[in-house]
Amino acid sequence: MSTPPLEEPVVRGSSRPLPRTHPRRATVRAAAALLLCQAAVVSCASSGEHRPGGEKSASAQASAREASAAAKKAARARLLPGMPPPLDPHDLYAADRPGKLSPAVKDFPSRVYVPNTLSDTVSVIDPEKFKVVRTIRVGRQPQHVVPSWDLRTLWVNNDLGNSLTPINPANGRVGRPVDVHDPYNLYFTPDGKYAVVMASKDRALVFRDAHSMKVVRSVPVDCYGVNHADFSPDGRYFIVSCEFSGELLKVDTAKKKVVAKQRLPIAGAMPQDVKISPNGRTWYIADMVANGLWVLNGDTFGKPRLLPTGKGTHGLYVSRDSRSLYISNRGEGTISVLSFRTGKLVDRWRLPGGGSPDMGGVSSDGKLLWLSGRYNGEVYAIDTRNGRLRARIPVGGGPHGLAVYPQPGRYSLGHTGIFR
């Protein structure tokens, strides 16, 4: 909001003769009059209404506004067609602030959905009571619970059951399973047109219609264990981890084509979760064998460097203020905290009594980090302010990619909830 121009002070004259005064008083009055005149000149100059300098300033401001509008237009032209433009070009997660729920989900009950791979069930937790309130029978070996692009459906990835089970998060109703082969994980293109199935055993990235799940194109890959992914700021490409061959893929979103591949520079590398920094410049890839994060420039797709974090590094989650990255170290029962500003680790939280923190998400208000305990049949609720364990909740066997829902954001890119 611009500040209105200051009004010029008015100095009124008088036709009456000046009274005789003491010389010292006359000097003081003369000085005051001079200051008043100077103030009037400064005020007039600051208003910019009646002098050429003011007109130039307004012209410069108009030019700056035009340049800014042109820059925004150019940035939008570079986006994947149909993709919603970022709220803030400097923060990809600007739409994920506490309480910033989309109208599509604002009335949904708050729940935590936990797929139990060994029990073929989904445990539903009431996060206020820290208690399982429902158990849903699904297909064989559910791996992840994935919010749809439009936020209206939760898809349970029944990997060995070769199906997706839809859950309506508004009322908890379970729909008829959809036949989808080898759905280890599931993502959505930023334009909302396609679901991308990570068909790990089939060694393929399968592009399907985001609603009907009908196959549009299956892209064969020559790596093993396609697993996790994230998308570039403009949506033009995404990077995929190949868990069992220690490789990364770079995929052109529009062309649905692998355009680059690299092998991670450590024997036996086992890349897991993938996450991009808020400013869109840096990519982080968790690696369970390297026990840390690979730090990568996605645009150049050059050789990454390793940042050690902890044994069995697995899941990556962004804080609600876009300042921190929570890193689950499954092999040692800890969570590392990375500062996006410095790129350095600033804290490490240890689960009392141990555990196996795996996949999860951050609560809507940002106060709790929810993670599944993969090898302990439990779920952890961790206070993000101090790392203290708030609850340890028993669930089914082999809990994996749990989804906290609803969460802030305009649309979902998949996995357990990547919202933009």
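Here the structure is a predicted model, which is why all the values come from computation and not from measurement. Positions are given from 1 along the sequence.
Shown here are the side chain to side chain contact (heavy atoms under 4.5 Å, CB included) partners of Asn171, two or more places apart in sequence or in another chain: Asn168, Arg173. Residues meeting the ring pair (Phe, Tyr, Trp, His ring centres under 6.0 Å) test with His415, sequence neighbours left out: His144, Tyr187, His228. Legend: residues meeting side chain to side chain donor-acceptor pair (under 3.5 Å) with Arg348, ordered by chain and number and at least two apart, are Glu332. With sequence neighbours excluded, no residue forms a side chain to side chain donor-acceptor pair (under 3.5 Å) with Thr253. Residues satisfying the salt bridge (charged side-chain N to carboxylate O under 4.0 Å, His left out) test with Arg420, not counting sequence neighbours, are Asp230. When the side chain to side chain donor-acceptor pair (under 3.5 Å) test is applied to Arg208, no partner is found at least two apart in sequence or on another chain. Asp273 meets the side chain to side chain donor-acceptor pair (under 3.5 Å) test with no other residue; sequence neighbours excluded. Taking Asp222 as the reference, Lys261 meet the salt bridge (charged side-chain N to carboxylate O under 4.0 Å, His left out) condition, with sequence neighbours excluded.
Applying the disulfide (SG to SG under 2.5 Å) test to every pair with at least one member in residues 317-356, sequence neighbours left out, gives no pairs at all. Applying the disulfide (SG to SG under 2.5 Å) test to residues at least two apart or on different chains, none of the pairs has a partner in residues 338-402. Sorted by first and then second residue, the pairs that involve residues 203-255 and meet disulfide (SG to SG under 2.5 Å), not counting sequence neighbours, are Cys223-Cys242.
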Could you pull out all donor-acceptor pairs under 3.5 Å where a side-chain atom in residues 95-111 meets a protein atom, sequence neighbours excluded?
| residue | atom | partner | partner atom | Å |
| --- | --- | --- | --- | --- |
| Arg97 | NH1 | Tyr93 | O | 3.3 |
| Arg97 | NH1 | Arg320 | O | 3.0 |
| Arg97 | NH1 | Ser322 | OG | 3.0 |
| Arg97 | NH2 | Asp91 | OD2 | 2.6 |
| Ser102 | OG | Ala104 | N | 3.1 |

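Donor-acceptor pairing under 3.5 Å is recorded for the side chains of Asn329 and Thr334.
Remark: side-chain polar atoms of Ser356 are paired, donor with acceptor, to backbone N or O of Tyr375 under 3.5 angstrom.
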